[in-house]
Undergrad: 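Quick one: the structure is below, questions incoming.
Note on naming: letters A, B, ... go to the chains in the order of the sequence lines (proteins, then strands), and numbering restarts at 1 for each one. Just so you know, these numbers use all the heavy atoms, side chains as well, and skip hydrogens, waters and symmetry mates.
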2 protein chains.
Amino acid sequence: MSQENLFTPVQIGRRGEDIALQIEAAILEERILPGARLPSERELQIQFQTGRGVIREAIRALKQKGLVDIRKGAMGGTYVKQMDVANVSESLALFLKQQHIEPDHIAEFRESIDRVITILAIARAGAAAKEELVAETEKLMEMVNQEEPDQESIAGQDRILNIRLAQMSNNPVFAWVMEALQQGFSSHDYALYDETAYRLKTAENWQKTAQHIARNDPMQALSSIAAHYALLRSCVAGQKPQSEENNRLA
Amino acid sequence: MSQENLFTPVQIGRRGEDIALQIEAAILEERILPGARLPSERELQIQFQTGRGVIREAIRALKQKGLVDIRKGAMGGTYVKQMDVANVSESLALFLKQQHIEPDHIAEFRESIDRVITILAIARAGAAAKEELVAETEKLMEMVNQEEPDQESIAGQDRILNIRLAQMSNNPVFAWVMEALQQGFSSHDYALYDETAYRLKTAENWQKTAQHIARNDPMQALSSIAAHYALLRSCVAGQKPQSEENNRLA
DNA sequence: TTCTACTTAATGGTACTACCAAAGGAACCG
DNA sequence: CGGTTCCTTTGGTAGTACCATTAAGTAGAA
């Protein structure tokens with residue numbers, strides 16, 4: 001790929017970080033495109049006039065940021081990757097975990113986002129997409145009404161519904177935020193599907209919401225959303241404990 | 001700190017990641033509290049029965065995630081840190097940059113969040129906080145009306161206002177999201193203060209918003225917010241180019 | 001005593017070397 | 001043509017030595 005003098009040796013500060021920043025800049029400015037392969041560690045070691053450890057740490061940092069992908073073996077090496085939300089989600093989830101965030105606060109945030117998404121979806125999504133959403137909720141209904149409901153599949157379907165609805169807002173930012181929150185805090189949601197009573201009501205609620213959206217009835221749709229979150233709150237409040245790790249050592 | 005057998009040697013997969021995960025878990029489960037110091041690299045090397053490079057990579061990963069802080073010299077080492085939003089913001093900003101996200105989409109998202117925040121702030125914040133907000137907007141007015149407006153200070157004050165308002169929602173999640181977005185996309189906002197006309201209008205708008213909030217008038221407050229974002233959109237659309245890095249090499 | 005200057009030890013940062021393990025490709029054999 | 005073996009590339013691990021920085025201790029001077 002003839003990237004002879006793409007990088008320059010460094011002198012200042014922690015070399016590893018500096019190198020990581022140089023490569024990161026090259027990626028963000030698209031001087032290196034996703035899918036491209038960076039020189040091997042040993043080549044970079046020569047280009048940057050430094051030890052291999054430094055190069056490894058730099059590459060490791062890029063991997064952590066989700067900018068590159070590392071493969072072993074011949075034709076292995078460091079490959080520039082298209083980032084995806086997972087990294088942001090992970091970072092967010094980590095942060096929220098360390099902050100002892102209350103489920104109520106997350107729920108409130110999510111509800112407010114959901115309301116906006118719903119309005120936007122009604123205004124912008126096509127009739128086909130809306131019908132598709134209804135169809136997906138029907139799948140969910142079938143799942144919960146089965147003899148032996150499969151928690152895994154149901155949770156997955158719930159996730160699909162959330163994402164699909166978010167996408168109908170025609171603004172990727174909403175979809176990403178929704179996905180990030182979902183990934184970080186799925187556990188609370190899925191609690192809804194643990195007990196039969198909640199499971200049924202939740203699925204029905206989803207169906208109603210989708211139908212209201214399909215009929216372009218924002219007020220009713222918002223009302224269903226409110227019901228959904230009310231249900232979530234009562235559910236979480238009801239089975240309060242779920243504490244496994246609250247016994248720290250003094 | 002007598003953490004003799006806190007960790008165990010590993011066998012499988014990439015040792016570095018495994019070690020990083022063990023330590024991360026220990027931090028998240030609060031077996032190691034913020035402020036505490038991990039053993040030195042050489043001690044860990046012995047505890048984990050591995051090479052120092054592996055330990056370094058593990059610690060590096062934790063640092064990247066924002067979980068620890070590294071200090072050189074005697075009494076240096078790896079210290080567990082209280083995470084802050086900066087890490088999430090950075091991750092988010094990186095993602096958005098690589099996705100060529102349109103400013104309009106961000107603006108739409110921020111506006112919707114701002115609306116919710118405003119409603120919550122009016123409902124929940126005390127009169128004192130509301131007056132404080134008004135006072136801050138007056139500071140901003142003073143700044144923009146000076147002979148030689150200081151871009152830096154003005155931008156900072158704008159940031160302070162956003163954060164303070166978000167905090168008044170009494171839900172930290174809103175404040176964090178706002179801060180993350182701010183940090184990632186300050187550039188567009190600050191464009192508002194580049195031209196005198198925009199600068200003045202924006203500051204006035206802030207003042208009005210704060211006053212409406214102080215008077216518990218949600219409708220008027222929302223209207224001011226709408227005006228603010230309308231201004232932002234026209235400003236960004238007006239001075240469209242700002243492209244410095246759009247010439248990629250084929 | 002009290003302050004300064006020097007020494008010392010601990011610790012992360014860098015460099016280099018050697019070897020292991022995986023993975024793909026090329027040559028070889030059936 | 002298809003499978004097998006070997007070889008080369010490349011990341012992963014181990015170990016050693018040395019440098020740079022920093023805090024703490026120590027001796028000496030005021």
Undergrad: What's A:Gly53 touching, base or sugar-phosphate or nothing? Going by heavy atoms closer than 4.0 Å.
TA: nothing
Undergrad: Suppose we screen for side chain to side chain contact (heavy atoms under 4.5 Å, CB included). Which residues come up paired with A:Arg52, at least two apart in sequence or across chains?
TA: A:Glu41, A:Arg42, A:Gln45, A:Arg56
Undergrad: Of the listed nucleotides (C:dG12, D:dT13, D:dA23), which one gets closest to any side-chain atom of B:Arg15?
TA: D:dT13
Undergrad: At a cut-off of 3.5 Å, list every protein nitrogen or oxygen paired with a nitrogen or oxygen from nucleotides 19-22 of chain C, distance to 0.1 Å.
TA:
none

Undergrad: Rounded to whole angstrom units, what separation is found between the CG atom of B:Leu44 and the P atom of C:dG13?
TA: 13 Å
Undergrad: Would you please confirm or rule out a distance under 4.0 Å between OP1 or OP2 of D:dT9 and any side-chain N or O of A:Arg71?
TA: no
Undergrad: For a salt bridge (charged side-chain N to carboxylate O under 4.0 Å, His left out) check, start with the C-alpha distance between A:Lys63 and B:Glu17, then their side-chain angles and the critical distance, and finish with the verdict.
TA: CA-CA 12 Å; A:Lys63 183 192 173 178; B:Glu17 283 197 25; 2.9 Å; yes
Undergrad: Using the side-chain hydrogen bond (donor to acceptor under 3.5 Å, both in side chains) definition, which of the options A:Asn162, A:Asp158, A:Thr137 pairs with A:Trp206?
TA: A:Asp158
Undergrad: Could you state the atom-to-atom distance from CG of B:Asp69 to P of C:dG12 in whole Å?
TA: 12 Å
Undergrad: Nearest-Å distance, CZ (A:Arg14) to C1' (C:dA15)?
TA: 18 Å
Undergrad: Quick one: A:Met75 CE to D:dG11 P, roughly how many Å, whole number?
TA: 10 Å
Undergrad: Please name all residues satisfying salt bridge (Lys or Arg N to Asp or Glu O under 4.0 Å) with A:Glu136, sequence neighbours left out, ordered by chain then number.
TA: A:Lys139, A:Arg164
Undergrad: Within this structure, what is the CD-to-P distance between A:Glu41 and D:dT13, rounded to whole angstrom?
TA: 11 Å
Undergrad: Can you list the residues that meet the side-chain hydrogen bond (donor to acceptor under 3.5 Å, both in side chains) rule with A:Glu132, with sequence neighbours excluded?
TA: none
Undergrad: In whole Å, what is the span from the CD1 atom of B:Ile46 to the P atom of D:dT16?
TA: 11 Å
Undergrad: Got a sec? Which of residues 54-65 of chain A come in under 4.0 Å of DNA chain D, heavy atoms?
TA: A:Arg56
Undergrad: Roughly, in whole Å, what's the span from CD in A:Gln45 to P in D:dG11?
TA: 11 Å
Undergrad: Any side-chain heavy atom of B:Ile27 sitting closer than 4.5 Å to one from B:Lys65?
TA: no
Undergrad: Between A:Val54 and A:Phe48, does the side-chain contact (heavy atoms from CB on, under 4.5 Å) criterion hold? Intermediate values first, please.
TA: CA-CA 10 Å; A:Val54 175; A:Phe48 282 108; over 6 Å; no
Undergrad: Rounded to whole angstrom units, what separation is found between the OH atom of B:Tyr79 and the C1' atom of C:dA10?
TA: 11 Å
Undergrad: Show the atom names and distances, to 0.1 Å, of all donor-acceptor pairs under 3.5 Å that link a side chain in residues 73-83 of chain A to residues at least two apart or in another chain.
TA:
unit_1	atom_1	unit_2	atom_2	d
A:Tyr79	OH	A:Met75	O	2.7

Undergrad: Could you tell me if B:Glu30 and A:His100 have a donor-acceptor pair between their side chains, going purely by distance under 3.5 Å?
TA: yes
